[in-house]
Amino acid sequence: MKAEACTYVIFGATGNLSRIKLMPALYHLEAANRLPEGTRIMAVGRRPWDQSTWLAEVRAMLVSKIKADIDEAVFSRFSARLYYHQGDIGQTECYTQLAGQLANGEGFPKNIAFYLSISPSDFGAVMGFLSDNQLFDEDSGWRRVIIEKPFGYDLDSARALQKRISQYLSEEQIYRIDHYLGKGMVQNVLVFRFANVMLEPLWNRNYIDHIQITHSESIGIDSRGDYYNSAGALRDMLQSHLLQLLTLVAMEPPISMEAEALRDEKVKVLKSIRPIPKEAVHAHAFRGQYGKGHVNGEKVPGYLDETNIPANSSTETYASMKLYLDNWRWRGVPFYMRTGKRMAKAQSSISICFRHPPLQFFHGTDVRCMNPNWVLMGIQPEECIRIEMTVKEPGLEMQTRICSLDASFRNQDEKAIDAYEDLLLDVLKGDRSLFLRFDEVEYAWRIVDPILQTWAIERDFISTYPAGSWGPEDSRLFDKESQFWRSSLTPECK
Ligand code: BG6
């Protein structure tokens with residue numbers, strides 16, 4: 001698929017996401033000469049800025065994010081693409097003026113991608129305005145809309161939002177973003193599974209004991225108190241990013257890597273997840289909230305002392321969950337997922353624990369370390385694929401150690417690409433394979449809805465964990481005593 005020139009219209013261009021992700025990603029695409037000739041970027045913001053203020057603003061965003069010096073030649077090419085449109089997104093004039101500006105013959109490409117980096121509560125209204133002002137008409141070029149998560153607040157609100165936006169757009173025009181799908185290592189999960197025939201025979205209930213997906217962050221909620229307190233960790237990370245990772249680990253090989261084929265298989269996984277009845281929520285899910293503690297040697301406040309957090313908040317900053325997939329491949333294999341803010345370390349990983357060998361041959365010897373095999377996939381900060389095996393130690397004794405076969409694949413001179421670079425380019429290509437179809441979002445909400453509803457009622461108590469720890473004690477989720485959270489990507493002898 002070829003990237004086509006377009007006008008990228010960014011709503012919320014002065015906000016946080018734009019500063020730390022979108023503008024740097026577009027700049028990097030410029031530096032890599034990947035933005036098609038003629039592409040323009042129109043920022044929509046409320047502040048009364050002129051063109052030169054906007055350019056200075058973008059430069060400041062890039063400097064604070066990229067740290068290294070800006071390449072002046074690249075910045076000059078990039079800034080020639082940048083425009084600023086001042087307006088209040090709640091007022092129709094903003095859109096009539098925007099439509100006028102885009103149509104005034106100044107060379108804006110006729111294809112338009114609208115990036116909604118705004119509060120989810122504004123999605124419907126903004127799309128209504130765009131539609132009323134004929135900005136979605138495809139008479140002279142395509143129109144695509146990129147929607148940031150969260151898509152809805154629960155199952156009902158997601159359906160209501162979908163109903164509303166499908167009045168204005170067809171599914172082919174909607175790009176629901178889950179930036180985890182743009183991460184290099186996440187895409188590598190598919191390559192690792194489907195380009196290496198060695199693993200496929202083992203990738204099932206006969207050989208795998210359980211699977212873990214962890215996303216831990218050492219940061220807190222920064223200035224996002226308002227949003228975070230109404231979302232919580234389950235909505236913020238588990239319902240979206242972590243369930244997406246689960247689908248990639250568990251899916252059947254798609255018939256092709258084409259968007260619909262891939263998404264069909266992901267939906268099948270989500271549909272096969274055994275629903276959690278409300279009475280079983282406590283056996284399947286756990287939540288916690290960070291108290292004060294130390295992170296990287298620094299004293300940090302507890303969640304309740306963060307800005308904009310009510311003193312009696314029971315919002316979870318840690319959530320863990322156990323799921324079963326009722327399908328042929330995975331029946332009986334637990335999938336454990338956890339995520340948390342202010343944890344000991346920032347790390348995302350998938351850990352696959354294989355079964356123990358059927359016979360323990362080494363009783364009565366000095367062998368002490370008989371771990372099962374693990375396949376470990378580090379998503380960030382370290383990108384790696386490792387397979388842990390038990391080997392005999394050199395020497396006369398029969399002693400073993402764990403040896404890690406390391407398939408880390410990035411050469412030193414190969415730069416990591418931010419997920420948004422990939423995804424912003426996919427929009428220009430019309431490639432929706434790394435974006436979510438509505439049924440994926442819908443099934444993901446179905447899975448977590450009973451937990452959300454139960455937690456919403458039980459507001460009197462929430463477990464706490466000290467900031468800087470690995471979260472609350474939730475080992476009751478595990479099916480067996482031999483199962484435990486795996487936090488390290490280097491060999492651990494248990
Ligand atoms: C976002 C969440 O979707 O993902 C944040 O809203 C979270 O709370 C972030 O910090 C994590 O993304 P990444 O790419 O930094 O792992």
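What you are looking at is a predicted structure, and each value in this text was computed from that prediction instead of being measured. Atoms within each ligand, like the ligands themselves, are counted from 1 in listed order.
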Return the minimal non-hydrogen interatomic distance between F75 and V58, and the atom names on each side.
-> CE1-CG1, 4.4 Å
Test side-chain contact (heavy atoms from CB on, under 4.5 Å) applied to S349 - qualifying residues, sequence neighbours left out | T214, Q347, S351, L489
Please name the pair of heavy atoms, one in E171 and one in R432, separated by the smallest distance, quoted to 0.1 Å.
-> O-NH1, 3.6 Å
Please name the pair of heavy atoms, one in L234 and one in A319, separated by the smallest distance, quoted to 0.1 Å.
-> N-CB, 4.1 Å
The side-chain contact (heavy atoms from CB on, under 4.5 Å) partners of T307 (sequence neighbours excluded) come to none
Quick one, list the residues around ligand 1 where some non-hydrogen atom comes in under 4.0 Å, by chain and residue number.
-> K149, H179, Y180, K183, H215, E217, R224, D236, M237, H241, K341, Q380
Can you sort out the partners of W485 under ring pair (Phe, Tyr, Trp, His ring centres under 6.0 Å), two or more places apart, ordered by chain and number?
-> F478
